[in-house]
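This report concerns only the one structure given below.
None of these values were measured; they are calculated from a predicted model. Residues take their numbers from the sequence shown, with the count starting at 1.
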Amino acid sequence: MENPVDFVRQLQDVLDEKGVIVIDNVTAMPAYNMNYVQPYYTISINHCGSVEGLYESNDFVFSRHDISVLYPGHTIYIQKSSPDYCASLIIISDRIYSQLNFINTSDNRFLFETEPHFRLADRQYAEVLSIVEVFRVINGLSHVNRNEMHATLLEVFMSVIVSFRIENVGKGSDGKNRISPLLYDAINMHCHQHHDVEFYADLFCLSPKHFSAVVKRETGYGASHWIQQQIVADAKSLLRTEHQTSIQEISDRIGFPDLATFSRFFKRQTGMTPSAFRQSL
């Protein structure tokens, strides 16, 4: 394929318009024998052939009827692809990804961050392709709610993929010697009272610096990222569903010392104030 920088730039133009794009007949990777940082949330379906390389320094082979869920920010080093390699990519814009319900997707994310692909059975492969076809149909519409349709379908698609994964290989590794699955549970339990990395590092008897480094190695992001993401997800959920609850009350419930601090945090994470977010709904 072409220079990865040009590839990403061209993708961005289309993503800005469509929100989700499906690219078929992919026969090569954006870069070989160099580190390539995954820029977008991407679901890849391998029809035939194989790709070999490193994913965050771990060896991988992506083979026929494998499906992968790749999150932004991870480093991929492709060593080679076979002459018969052919895949389809479903690439999701930041705008659509931000509309997903983090509460329903974050546990799955911890799973796919470290083990991004698995093998589909023939029946599952056919069913996955039928869902991908619906993304194409939505892209052909001029419907005003196309973004919301993409986001809804994407959540359904991820639920199907996770169900297939559990059916085929279980939930993956048992989590031994891995902090990230336990961190997810800890954040769910404590994030309304504790926003600081130090608290979670203490739970695991590690220094904050070492703790964040381990989490980043396992998931691609530091611990503060996951804490902030869960707080934002909870805030969005409350703003969406509890229409009679004031923003001040929501700020109090998720552990901010005052409304101004909450508003600054929410705007820094989402690009809009809590009141503007609520109005946009």
Find out if a path of hydrophobic residues (ILVMFWY) with successive side-chain heavy-atom gaps under 4.5 Å connects Y77 to V61. no

I need the minimum non-hydrogen distance between C191 and D234, along with the two atoms involved. SG-OD2, 3.7 Å

Say whether, by atom type as modelled, one donor and one acceptor occur between the side chain of S68 and the main chain of L70 under 3.5 angstrom. no

How long is the straight-line distance from NZ of K80 back to CE of M29, given to the nearest 0.5 Å? 14.5 Å

What distance separates I131 CD1 from L153 CG, expressed to the nearest 0.5 Å? 7.0 Å

Enclosure of K216 NZ (heavy-atom neighbours >12, cutoff 6.0 Å): no

Any idea how H194 and F199 line up, ring-wise: parallel (<30°), tilted (30 to 60°), or perpendicular (>60°)? parallel

Could you go step by step and tell me if N139 and V137 meet the side chain to side chain contact (heavy atoms under 4.5 Å, CB included) rule? CA-CA 5 Å; N139 264 343; V137 171; over 6 Å; no

State whether a side-chain donor-acceptor pair under 3.5 Å links E249 with S246. yes

With rounding to the nearest 0.5 Å, note down the distance linking CD1 in I92 to NE2 in H150. 9.5 Å

Are a donor atom and an acceptor atom from the side chains of N168 and Q124 found within less than 3.5 Å of each other? yes

Will you find, in the side chains of N46 and H65, an N or O donor that is under 3.5 Å from an N or O acceptor? no

Distance check, rounded to the nearest 0.5 Å: I43 atom CD1 versus F135 atom CZ? 6.0 Å

Which of parallel (below 30°), tilted (30 to 60°) and perpendicular (above 60°) describes F211 and F204? parallel

With a 6.0 Å cut-off (strictly less than), is the heavy-atom count around CE of M189, excluding the residue itself, greater than 12? no

C86 versus N25, closest heavy-atom pair with distance: SG-CA, 3.8 Å

Short question: side chain of S263, backbone of A260 - any donor-acceptor pair under 3.5 Å? no

